[in-house]
Amino acid sequence: MSDQSLTIALSKGRIFEETLPLLAAAGIVPAEEPEKSRKLIIGTNHDNIRLVIVRATDVPTYVQYGAADFGIAGKDVLIEHGGDGLYQPLDLQIAQCRMMVAVRKGFDYAAASQPGSRLRIATKYPDIAAEHFAAKGVHVDIIKLYGSMELAPLVGLSDAIVDLVSTGNTLKANDLEAVEHIVDISSRLVVNKAALKTKHALIEPIIRAFAGVVQAEGA
Ligand code: PRT
Ligand code: MG
């Protein structure tokens with residue numbers, strides 16, 4: 001698309017839902033609901049603004065390479081991605097949750113996580129997990145999974161998991177318990193660094209509108 005148009009990368013699900021009010025504050029209304037449509041490119045009420053619907057973990061990649069001018073991604077995804085080529089001007093404080101270590105109920109985590117000990121960790125977040133346990137002096141074998149991490153300790157694939165927790169219901173339903181908090185997570189606005197310069201007049205008012213909503217909700 002031309003320099004006078006904008007492509008916004010969003011993922012379906014919780015981030016999309018919580019992004020709609022932000023877009024509305026910036027005067028942007030999607031032409032279709034991604035949850036109901038199979039289209040991957042969705043128009044808006046502005047001829048020059050479109051949304052692309054990608055996997056949550058792929059948002060930083062689309063923005064990094066300029067295939068999208070900006071997007072919204074969880075801090076979990078951004079830490080693992082590394083943030084290259086991305087400007088992160090705003091914590092949107094949506095899709096909030098906590099990155100935690102969890103184990104089977106009754107597992108003696110305090111004893112098993114002494115400095116010098118060794119643990120098997122299943123996670124979608126190998127960098128975050130490795131850094132956390134390195135800081136504790138615990139050796140880890142990391143098993144990379146792409147979903148349903150909660151299953152791993154139940155079937156003996158791992159001693160513990162590193163995963164996101166919001167209500168805690170998933171842990172509870174699977175007889176697991178959170179034993180350590182690693183980092184608070186929320187979603188961030190990520191902007192392509194080049195687009196921020198070349199499309200400043202288009203992007204800046206949107207950032208300002210988003211910031212206004214965040215401030216109003218925090219007040
Ligand atoms: O689902 P899909 O495989 O397509 O991709 P995704 O899981 O990356 O996307 P999505 O939409 O589920 O999550 C997008 C972003 O939402 C994540 O990158 C986080 O930044 C944020 N977020 C906020 C969460 C949660 N809360 C959350 N609870 N992402 C995932 N979860 C999962 C968690 O992994 C666990 O399985 O929900 C389960 C726990 O929830 P509770 O409420 O039972 O504690
Ligand atoms: Mg999911």
Side-chain angles (χ1 to χ4, degrees), residues 8-23 30 33-42 51-64 68 70-84 86 88-105 121-129 131-132 142-155 157-191 210 213-214 217:
I8 305 172
L10 295 174
S11 55
K12 288 189 195 186
R14 63 191 102 218
I15 287 184
F16 191 85
E17 273 167 39
E18 295 191 47
T19 298
L20 280 175
L22 297 169
L23 290 174
E33 288 178 52
E35 232 58 70
K36 292 186 181 154
S37 165
R38 287 177 183 273
K39 283 194 184 164
L40 299 175
I41 299 180
I42 294 182
L51 311 179
V52 292
I53 307 302
V54 305
R55 283 295 287 270
T57 40
D58 291 334
V59 167
T61 307
Y62 278 82
V63 176
Q64 172 187 9
F70 70 88
I72 295 175
K75 186 178 169 189
D76 50 320
V77 164
L78 288 166
I79 296 172
E80 289 293 323
H81 171 272
D84 274 6
L86 303 177
Q88 299 181 30
L90 198 56
D91 179 350
L92 298 168
Q93 288 167 28
I94 60 170
Q96 294 185 343
C97 54
R98 303 170 305 283
M99 185 73 70
M100 310 280 290
V101 181
V103 298
R104 286 177 80 155
K105 274 204 185 106
I121 307 294
T123 187
K124 191 172 158 185
Y125 306 99
D127 290 353
I128 294 172
E131 193 183 320
H132 175 72
I142 294 196
I143 300 169
K144 163 92 187 186
L145 293 178
Y146 293 87
S148 301
M149 266 75 75
E150 293 87 357
L151 181 61
L154 304 180
V155 294
L157 180 60
S158 72
D159 302 307
I161 61 172
V162 167
D163 193 14
L164 299 173
V165 179
S166 45
T167 63
N169 290 339
T170 307
L171 293 182
K172 209 166 166 192
N174 291 292
D175 270 319
L176 301 174
E177 61 184 354
V179 286
E180 225 161 40
H181 173 270
I182 300 179
V183 62
D184 285 330
I185 299 291
S186 56
S187 289
R188 314 289 159 119
L189 183 63
V190 290
V191 185
F210 283 12
V213 175
V214 174
E217 306 221 320

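Every number for a ligand or one of its atoms is a count from 1 in the order of the listing.
Other residues, nucleotides and ligands contribute at most 12 non-hydrogen atoms within 6.0 Å of the NZ atom of K172. More than 12 heavy-atom neighbours from other residues, nucleotides or ligands sit within 6.0 angstrom of OH on Y125.
At least one side-chain heavy atom of I182 sits less than 4.5 Å from a side-chain heavy atom of V101. For the pair K12/I53, a side-chain contact is recorded, criterion being any heavy-atom separation below 4.5 Å from C-beta on. You'll find the side chain of I72 reaches within 4.5 Å of the side chain of L189, heavy atoms only. With contacts defined as side-chain heavy-atom distances shorter than 4.5 Å, the pair F210/P89 does not qualify.
By the 3.5 Å distance cut-off applied to N or O atoms, T167 is counted among the residues near ligand 1. At a 3.5 angstrom cut-off on N or O pairs, Y125 does not count as close to ligand 1. Annotation: S187 places no N or O atom under 3.5 Å from an N or O atom of ligand 1; distance criterion only.
At a 4.0 Å heavy-atom cut-off, ligand 1 does not touch T57 at all. For K75, no heavy-atom contact with ligand 1 is shorter than 4.0 Å. Heavy atoms of T170 found under 4.0 angstrom from ligand 1 belong to the backbone as well as the side chain. Proximity of V77 to ligand 1, defined as any heavy-atom pair under 4.0 Å, is confined to the side chain (atoms from C-beta onward). If you look at D76 next to ligand 1, the close heavy atoms, those under 4.0 Å, all belong to the side chain. Proximity of L171 to ligand 1, defined as any heavy-atom pair under 4.0 Å, is not found for any part of the residue.
Counting atoms of ligand 1 from 1 in the listed order, those under 4.0 Å from a heavy atom of K124 are 6 (P), 7 (O), 8 (O). Listed by number with element, the atoms of ligand 1 under 4.0 Å from a non-hydrogen atom of N169 are 43 (O), 44 (O). Less than 4.0 angstrom separates some heavy atom of A95 from each of these atoms of ligand 1: 21 (C), 22 (N), 23 (C). Listed by atom number, the atoms of ligand 1 under 4.0 Å from C97 heavy atoms are 22 (N), 23 (C), 25 (C), 26 (N). Residue-ligand proximity, A56 to ligand 1, at heavy-atom distances under 4.0 Å covers atoms 8 (O), 9 (O), 14 (C). Annotation for ligand 1: atoms under 4.0 Å from non-hydrogen atoms of D163 are 33 (C), 34 (O), 35 (C), 36 (O).
Residues H81 and D84 bring no donor and acceptor atom of their side chains to less than 3.5 Å of each other.
The nearest non-hydrogen atom to atom 5 (O) of ligand 1, considering only E18, R55, K12, comes from R55.
Tested against K75 for a side chain to side chain contact (heavy atoms under 4.5 Å, CB included), the candidates V183, D91, I128 yield a single pass: V183.
A salt bridge links E33 to K36: at least one charged side-chain nitrogen sits closer than 4.0 Å to a carboxylate oxygen.
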